[in-house]
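Let me begin by presenting the structure, written as structure tokens, before commenting on it.
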Amino acid sequence: MMSNNLSYFDYAATTPVDQRVLDTMLPFFRENFGNPSSIHQYGQHAEGAVENARASIAHYLNCRPGEVIFTSGGTESDNLALRGVAFGMRQQRGSNHILIPPAEHHAVLRTAHHLAKYHSFDLEYLPVNEYGLTTANDVAERLRPTTAIVSVMYANNEIGTINPIAEIGAVCRNNGIPFHTDAVQAAAYLPVDCQSLNVDLLSLGSHKFYGPKGMGVLYVRKGVPFIPQQTGGSQEMGLRAGTSNLPYIAGFARAFELAHIERELRTEIVRPLRDRLIGRILEEIPQSQLTGHPHLRLPNHASFVFEGVNGNDLLMHLDLAGFACSSGSACKTGNPEPSEVLTTIGLSRDWALGSLRLTLGSESNLAQVDQLLECLPHIIQGLR
Ligand SMILES: *Cc1c(COP(=O)(O)O)cnc(C)c1O
């Protein structure tokens with residue numbers, strides 16, 4: 001068991017499953033366990049539950065149920081979006097150009113690399129500014145008639161910056177180019193209306209908003225050129241084969257519904273705590289900087305760099321002091337390479353190595369925040 005005086009500051013990495021979500025999932029493991037593809041009543045029951053979940057998710061995404069594809073998580077959704085459309089656009093229009101910012105999550109970044117390396121797509125990077133933000137104008141200047149897909153994340157998991165997705169989407173739409181956004185991190189706090197965001201594809205993963213791990217959704221607008229990447233049965237409108245993961249689908253739908261209903265309430269709880277962290281840390285710790293945008297950022301997200309501090313050592317000391325935090329990237333102990341996102345936004349190695357990401361959520365409170373604020377300056381001073 002985890003020590004009960006450990007404070008969790010890593011909700012951007014994952015969140016605990018909400019009890020209400022778990023209660024929704026449990027009956028689908030034993031009582032209502034049918035295969036939705038079966039003809040008999042077990043199957044009909046299960047199919048009804050899958051389609052109810054799909055309709056509910058479509059309602060909150062403001063799209064048609066037939067445009068909601070269930071996947072095994074945010075990573076698969078990102079992979080499927082890029083590969084499905086890149087190959088679809090190549091087949092239909094001969095397109096071969098992929099446009100993404102270099103600050104994307106690895107699930108997008110490495111998929112685009114892979115498409116370039118093994119399938120000879122022409123990968124071009126969009127610029128990002130000092131906050132990791134990409135503008136609609138940056139996209140407009142680089143779109144080509146042969147662009148197969150543009151992908152820009154809604155909110156950055158590492159530095160919290162929110163991109164102008166609706167504006168970028170409008171530019172792509174006016175040029176008839178498919179546009180994908182990775183909304184995996186954003187969906188916990190920002191509205192994900194596929195119409196007002198002007199997106200053709202949108203990725204979600206339920207464990208970032210109190211749903212189960214290993215469960216995702218990809219929104220695919222009807223009519224977008226798309227070639228399935230996993231073949232087999234005709235589940236998911238023929239776009240993603242495999243027996244439906246019913247308990248997790250029901251869990252996703254419940255978690256997504258709760259995220260929508262409770263969005264303002266959740267935001268009001270975390271935002272003042274985030275602002276307190278940012279204000280006090282920048283004030284009290286010398287040679288510290290906020291990373292990401294000062295106000296166009298997720299309401300639960302505070303991220304920093306400290307000059308001349310080893311980020312891994314900082315995380316270990318914080319853990320020993322009772323605070324579970326992150327550096328923001330998946331950097332491994334013993335391999336202290338600075339995060340690509342932090343070097344992309346122009347930070348030198350000496351700053352970028354000392355990164356700290358503090359993300360808040362359901363169990364966060366003022367006492368935990370103040371304990372962390374009490375400890376952090378001493379730990380950093382000790383490490384320097
Ligand atoms: C967590 C995350 C992913 C990966 O989602 P998984 O469900 O963990 O596979 C992709 N993109 C972003 C922005 C994320 O935060």
Side-chain angles (χ1 to χ4, degrees), residues 8-17 21 57 68-83 100-114 126 128 131-134 149 151-163 165 168 180-190 192 197 199 201-219 229-230 240 245 248-249 251-253 255-256 259 291-293 296-303 325-331 339-342 344-345 355 357-361:
Y8 191 71
F9 280 90
D10 203 9
Y11 287 86
T14 196
T15 61
V17 173
V21 172
I57 294 162
V68 174
I69 313 297
F70 293 116
T71 70
S72 68
T75 297
E76 186 191 334
S77 294
D78 285 342
N79 268 262
L80 184 55
L82 264 73
R83 289 175 208 274
I100 63 166
E104 290 293 297
H105 189 276
H106 278 161
V108 166
L109 204 59
R110 292 191 176 163
T111 301
H113 281 170
H114 196 278
L126 289 157
V128 291
Y131 305 124
L133 189 134
T134 296
I149 186 167
S151 185
V152 179
M153 70 205 309
Y154 193 174
N156 189 292
N157 50 299
E158 238 179 284
I159 57 176
T161 296
I162 299 168
N163 278 307
I165 295 306
I168 295 172
H180 167 252
T181 192
D182 173 345
V184 178
Q185 197 63 236
Y189 290 99
L190 306 180
V192 277
L197 286 175
V199 294
L201 302 110
L202 180 142
S203 295
L204 297 169
S206 73
H207 77 99
K208 304 289 174 69
F209 50 86
Y210 308 100
K213 295 169 183 58
M215 184 63 214
V217 153
L218 178 63
Y219 158 73
Q229 300 301 305
Q230 177 160 293
R240 197 268 190 184
N245 188 351
Y248 282 59
I249 288 171
F252 185 110
F256 197 50
T291 56
H293 202 282
L296 295 174
R297 65 184 301 126
L298 289 170
N300 71 326
H301 197 295
S303 54
C325 309
S326 159
S327 61
S329 74
C331 82
S339 132
E340 289 155 87
V341 172
L342 297 181
T344 292
I345 61 173
S355 67
R357 179 183 72 182
L358 306 172
T359 46
L360 303 155

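Note that the structure is a prediction, hence the values are computed from the model and not measured. For ligands, and for the atoms within them, numbers begin at 1 and follow the listed sequence.
If you number the atoms of ligand 1 from 1 as listed, the ones under 4.0 Å from a heavy atom of His207 come out as 6 (P), 7 (O), 8 (O). When each atom of ligand 1 is checked for a heavy atom of Thr75 under 4.0 Å away, the hits are 4 (C), 5 (O), 6 (P), 9 (O). Near Asp78, meaning under 4.0 Å from one of its heavy atoms, ligand 1 places the atoms 10 (C), 11 (N). Atom numbering of ligand 1 starts at 1 in the shown order; those under 4.0 Å from a heavy atom of Gly73 are 7 (O).
At least one N or O atom of Gln185 sits closer than 3.5 Å to an N or O atom of ligand 1. At least one N/O-N/O distance between Gly74 and ligand 1 falls below 3.5 Å.
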Exercise. How far apart are the C-alpha atoms of Phe209 and Tyr11, what are their side-chain angles, what is the distance that settles it, and do they pass the ring-ring contact (aromatic ring centres under 6.0 Å, His included) test?
Worked result: CA-CA 9 Å; Phe209 50 86; Tyr11 287 86; over 10 Å; no
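Among all non-hydrogen protein atoms, the one lying nearest atom 3 (C) of ligand 1 is His105 NE2, 3.4 Å. Here the protein heavy atom with the shortest distance to atom 11 (N) of ligand 1 is Asp182 OD2, 2.7 Å.
A distance of 9.0 Å separates NE2 of His180 from CG of Leu80, quoted to the nearest 0.5 Å. We find the OG1-OH distance between Thr14 and Tyr210 to be 10.0 Å, quoted to the nearest 0.5 Å. Here the straight-line distance linking atom CD of Glu104 with atom CD of Glu340 works out to 12.0 Å at 0.5 Å rounding. Remark: Thr181 OG1 to Asp78 CG distance equals 9.0 Å, nearest 0.5 Å.
Under the side chain to side chain contact (heavy atoms under 4.5 Å, CB included) test applied with Ser151, the options Leu109, Asp182, Leu126, Val108 reduce to a single match, Val108.
Counting non-hydrogen atoms of other residues, nucleotides and ligands closer than 6.0 Å to OH of Tyr248 gives a total of 12 or fewer.
The side chain of Lys208, and not its backbone, has at least one atom closer than 4.0 Å to an atom of ligand 1 (non-hydrogen atoms only; side chain from C-beta on).
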